[in-house]
Each structure stands twice: as structure tokens, then as C-alpha cells.
2 protein chains.
Amino acid sequence: MNVTGNRPGDMDVFGELRMSRANQRPRLVDVAEHAAVSLATASRALAGRDGVSAEVADRIRRIARELGYVANPYARTLAGGARSTVGLIVHQVDDPYFSEISAGVIHLAAEQGLLVQICQSGRDPAYELQQLRHLIAQRVGIILISGSGYDDPRVEAEARAELAAFQEHGGRVAAIGRHALGVDAVLPDNEAGGFALAEHLMDLGHRRIAVAAGSAGLTTVADRLAGVSSAVRLRGAYGADLAVVHSDFTRGGGRAATEQILNEHPETTAIVALNDAMAIGVLSTLRSRRVAVPARMSVVGFDDVSVAADLAPSLTTIRLPMTEMGRTALALALKPRSARPRRRRTGHLLVVRDSTGPAPTT
Amino acid sequence: MNVTGNRPGDMDVFGELRMSRANQRPRLVDVAEHAAVSLATASRALAGRDGVSAEVADRIRRIARELGYVANPYARTLAGGARSTVGLIVHQVDDPYFSEISAGVIHLAAEQGLLVQICQSGRDPAYELQQLRHLIAQRVGIILISGSGYDDPRVEAEARAELAAFQEHGGRVAAIGRHALGVDAVLPDNEAGGFALAEHLMDLGHRRIAVAAGSAGLTTVADRLAGVSSAVRLRGAYGADLAVVHSDFTRGGGRAATEQILNEHPETTAIVALNDAMAIGVLSTLRSRRVAVPARMSVVGFDDVSVAADLAPSLTTIRLPMTEMGRTALALALKPRSARPRRRRTGHLLVVRDSTGPAPTT
DNA sequence: CTAGGGTACGTAAGCGCTTACGTAAGCGCT
DNA sequence: AGCGCTTACGTAAGCGCTTACGTACCCTAG
């Protein structure tokens, strides 16, 4: 139940790590003295609070700039209860989807002078919950949680409760691509994206479509899948049919799903991978199985990670603005809380490239 | 003193980030009281410092665990000069090379209970220096700097001076793949890697080799290039020849370099991209220019980012253990400083895949 | 002219921790 | 017995900020 690595031996790390006091950076008192005002006034002026006349505030700000004053975030946090750290939970930082989101978060955070603490949950709900608790214990002020939610109501409820308590105490939370948490969220329209992909394939004449889906327990999977199915159902009269194979949201998952599709649904002419990582695995396996893309099999992905355009064949996919999503999520969390959770829908765009073509005429 | 009603944190007028004091986690005093010792003793026991008898220390640790006590990192930092944040400077987090390094750093940091603050320098030396100063101003305890160094002695000297001063005050520094900083470093053998790539190509019969190099000012570029040239020079007697085109370490850079190589050095039968990102761009351009790989042109990369194996054709490259490099760098920084900079050389491995083949017989 | 109220600023009390220094007890030594 | 040394612990002074509250001053209304 405790965070890993909390054993006595590990604490030594801190023991070794200490800085000399001589690291003389200007402090708030220095600014205050130069400006011939009190600490309180200097603090108020720099925080932009009122109760300071415009001219004095200007003088203080100027002097702070001249001295190269940068507030000590630790002191600030300790004193004010204000939290200048944002905790970002992702499944895996070296997955392009998440690294692009992170890039957006980090970028805005840097602009705002906030620290970003990144945690990797490794796609494990239990570990994710532990990370969440750890972040809260570390007194972050903002928690950004990305990655798909879990269908399991118990898991999700625990996270939800933890976050609610955190918000109760003034913490800010925003979710990215995750809607069941009862918090502000930036959400791609996964269903519409799935719908668009299926439509695109059916427009090309495909009728036997297989879906390489991520873990069955993820809401993202369910949503994207729902979009695909509803598009297919709408054209059911034309004989469209859907096979769904569950694996996981990685390249390896894509490879596994492809094997299964090839074996169990040989009539398939198009594979919808529910994210780009899987699509990369799908393409890779099709290549080694000598299945021509798109001549014999069309493939689509979802996300448009940046490498998607440089694959061979380049990947038809749904573009999601990941970097912007990260930015937006942080921006959302930075705003004052509203009574009810806000949702920002992100745009999405079908990007047609070389991995899709007309259905083979058999 | 405790009013349950209206606390400052609840008012939250201007979207200020503040937490209510009511976020009652156990503090060190609570542990100390339960253990019937003083604050000082509790602190010493939990920090693993001596001056506390074994049994008392055990009791304190047990009680801390029972209470779920987690030290407030801000207070700890403020008070002790001990720094529990590690600053990580990368060029770009959504570049797989750096995201894999980050993953390693984050992982070890999580184990050690350290915060990780990631900065993106955007490959701009001036901005990187600014980020560096920012991290120092933010009082991080450890700075990890990755990405190639710059050939420009002035730029590098400034960073070097800044880091030296930081270390002077007890800060810890480690570099990843960067050797001119006068600090501990984990270094791949770029020269040997370049050598191995060139050897591999020449073994396959290639004699007209072109290099798609990153920016001319980077030490990584110089080192990898030196390896390639020296291998080629060694076989100069056999008529091997080298064309070098400089661009930058991105996919776009790879595309640009390829265009130039195709135009200016049409006799080329093999392209050495000095990192995998460029190699992806090279492959992409060759495909659109209808140059068969490896039949008409062989391509090699450097790094072995995880997608390299799933490209079409899969990429022959030098494998570097990026994740482990990140981990090692942090581990290095965590150790007490030694008198002179330590260097950890990482292994590397030529991974032969489908993007290389025998030179065309013309 | 004074009460009442607003504005601009100062004073000082912490936030939760680390650590220099002080103290009391126990030990061996002469 | 008396001295100094070591060990184990307590006391209290901050670390650099924020902010509740106090104070001086000016303005307006009565």
C-alpha cells in the first residue's frame, strides 16, 4: 500500500543531496529593501494582488526584474498553500501519443512557471491509482490525467473519489481523453472519428472490416468501436460486416491482432486499428505476411502520431491535436473551477494517405 | 483556531491556485508526538542520519508508516537545502530518442521519490542556456542534460560555467550523450557506432556512401561522422568514397538531405543517416522518389528508436540503450561527487534489418 | 470638527521541515 | 573522584515566502 522505494535506505539520497546556503540568489527581502517597501508589499505587488498603488507596484516589478529575482517555488508553496507543481499521469512517456501530449503540457507549464511532474502508470489501473495518491501526497496543485479510462466501475470510482477529495481541498484536475472521472476534460470525439474511418473504408467498397481493438476494458476502445460499428450498422443493408479482435494499444498488440484477424477472418479487406501504435504493428505484420497494402488490405489508424505520415505505406488515420490537447487540459485546470465539469471537445480530421485504397474485387 | 466554514482557499476569486489548510496529512510533528520524541529525532530517524538509537529509529519509522506519513518535499527543500527535484533538459520530449531517455529518468526518479522537471530546449543553444538558468533558479538539486553538445566553444563554455557554479553549491549534474561539459556523463560510443555502420555497408559492397548528417555544429554529428569517415578512409584503397550533407536531426532533415544527395550525388548506393529520425525521413523520400530500398539504395540509421523495427523496410541501425542511459545518468548524479568527471560508456549494437542489402551491381 | 470608512502599506505569525547547538547521561581514564 | 569524550536526544532558529491583522492616512458625510 505504500509507494515503492520508501525504505530507509533510499532516504539516504536526500541526505547526500544538499546545497550550500551560499547559493546567493536574490530573495524577496532583497527586492523589498531595494524598493524601500515591506516584504508584504513586495509580495503583493509581484503576485498582482491589489492593495498596492500602481506606481509602487511598477517600481517593485522593475527592481525585481533588474535583480533577476525568481521566486522560490518551495517557499511559495509552503507558505501559501499555493501549489506550483502539476502532476501529469500518462500511460507511458515513450509512446508518441503521450509524448506529444506531454510536450503540450510542458510547454504551457514552462510559460507559466510551473513545475511538471510526470508519472507513468504503465497502463495498470492499480498502479495508476497509486501514482495518483502519490501525487496528492506530494502536494501537487494540479493533476492532469490522460490515457483511457477503465470500464471497471470499481477502479474508476476509486480514482474518482480520490480526485474529488483532492478538488475538495482546492486541487485542480483535468482529464485528457477520459470522461468518466467527473472532472474537467478535453475530449476527442472518438465515436465520430471511428465513424469517419468506417465510412471512408465503406466508401472505398470495403464490406468485410476487422477492428484491431485495444484492451476491452478501456472507454476509448469502446467509444471508437461504437463509432465504427454504428457506421457499419447503418450500411448493414449493403452487407457490411464487422469482426472485432481485442488486444492492446501497442505495436505488439497490433501485430497480435493482425495474426488473429488473418487466421480467423480471412475474408477481411480492411483493418481498423483503434490507435496508430496498433496500426504500425498491423502494417508490420501484413508486410511480413506478404499481404499488400492497400492492394489486398486497407489499414487505418487513429491519432495521427507524427511518424504516421512517414510510414510505408503512409497511414490513413484520424488526426487528433495531441499537443494542443495537453495544452488545453492545463489551461482548463488553471482556470477557476466551475460548478460542473467542463468539457472541451477537440476537433478531429480524417487524413487519407496511402494505406487505404479500393476494396479488392476478389 | 480551526474554523470549518470559510477558509481562504474556498474563495478562489481570481483562479489562484491555493489549497485549503484542511488538507490534513500527517506531519512530522504528528509522527514525533506518537513516538514520544522530539521533532529533531524524528527527522533524523527518517532521514537515516545517525545520532538515533536503533530501537527508537525503528519505532519512529514504524509509526511513520502506520500514519501514512509522507514528507512534504517543499518544506524539506526549503529547510534543508536538500533538493528533491531533478531537472531534465531534452531537445524535444516528443522525439522518441528523448522520450525513451525520459522514460528511464522518470522511472528511477519515481523509485527514489524525486520529482522530475522536464524542459525542452528545442535544439536552440541560447534557449537551452536559459532553461538551464531557469532550473538553477528553481533550485533543482540535480540537472540532467541530454542532447548533443554544440561545437561553438562560447555557447558550450557558458553552459559549462553555469553548471560548474551549480556544482560548486552542491548541485549534481550528469550529461547524456554529451561530453564537453566537464561533468559526469553517460556516453554512447558514437564514433565506434559510425564505424560499424560504414563497415557493414562496405562489407555489402557499397563504395559510394552518402551521409545525411545533423546540424554541423553538434558534437554527436561530428563523432558519428568521424567514425564513418575513418572506416571509409581505411578502405579508401578500394575506392570507397564519402559525400556528406548536413541538415538537422529530424525526419524533415532526413527528407531534405535525401533530396540533396539524390541530386548532387546520384552515384550513391547507401545512405548513412546519423540518427533514426533522419533515417525515417530518408526512407520516406526514397519511397516517394521510387528508389527501391535496399535494392537500389541501402539505408542505415542510428539509435534504434523503438519504431525502427516496424518501419518498411525495417531499419538497420545502431542500437543504443536510451532508457537505460537515462536511468544511469540519474544514478550517476545521485552518487556522491567524485573529484573528476566520471564517464560511463554505454554499449551499442549493430542491428541488421531489411533496409540494407548488397550494393547494386549497376 | 469628528465619526466612519476606504486605501496603502507594515508587522509578524506561521507553512513543515532541517540542523546547529545545548544538555544530560554513560564511559574510560588518570 | 574528577576530567573529558562520546552518544542520544531536545530546543529553537531559521529556510523564503504568504497573508491576517494592525496602523496611518486621506476623504467624505453629518
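In this text the structure is predicted, and so the values were computed from the model without any measurement. Proteins come first, then strands; the chains are lettered A, B, ... in the order of their sequence lines, and each starts at number 1. All heavy atoms count here, side chains included; hydrogens, waters and symmetry mates do not.
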Side chain of B:V37 (C-beta onward), nearest among D:dC15, C:dC9, D:dG10: D:dG10
From C:dC17, D:dC9, C:dG16, pick the nucleotide closest to the side chain of B:V56? D:dC9
Rounded to whole Å, the CG-C1' distance (B:N72 to D:dC17) equals 14 Å
A:R76 side-chain proximity, nearest of C:dC21, C:dG16, D:dC17: D:dC17
Under 4.0 Å between a side-chain nitrogen and a carboxylate oxygen: does that hold for B:E55 and B:R59? no
Quick one: is B:T41 getting a side-chain N or O under 4.0 Å of the D:dG10 phosphate, OP1 or OP2? yes
Within the 4.0 Å heavy-atom criterion, would you say A:S53 contacts the bases, only the backbone, or no part of the nucleic acid? sugar-phosphate
Phosphate oxygens OP1/OP2 of C:dT18: is one of them under 4.0 Å from a side-chain N or O of B:Y74? no
Specify the residue among B:A75 and B:R59 whose closest nucleotide of DNA chain D lies further upstream toward the 5′ end. B:R59
What is the separation between atom CG on B:L78 and atom P on D:dC15, rounded to the nearest whole Å? 10 Å
Across all strands, who's sitting opposite D:dA1 as a Watson-Crick or G-U wobble pair, both distances under 3.5 Å? C:dT30
For C:dA25, which nucleotide in any strand shown is its Watson-Crick or wobble partner with both distances under 3.5 Å? D:dT6
Pairing of B:E33 and B:R27 as salt bridge, 4.0 angstrom limit: no
Quick one: is C:dT19 close enough that its OP1 or OP2 comes under 4.0 Å of any side-chain N or O from B:R49? yes
Protein-nucleotide distance (B:L39, atom CG; D:dA8, atom C1'), rounded to Å: 16 Å
Salt bridge or not between A:R133 and A:E158? Use side-chain N to carboxylate O under 4.0 Å. yes
Strand partner of D:dA24, provided both Watson-Crick or wobble distances fall under 3.5 Å: C:dT7
Salt bridge check: are A:E100 and A:R327 linked by an N-O gap of less than 4.0 Å? no
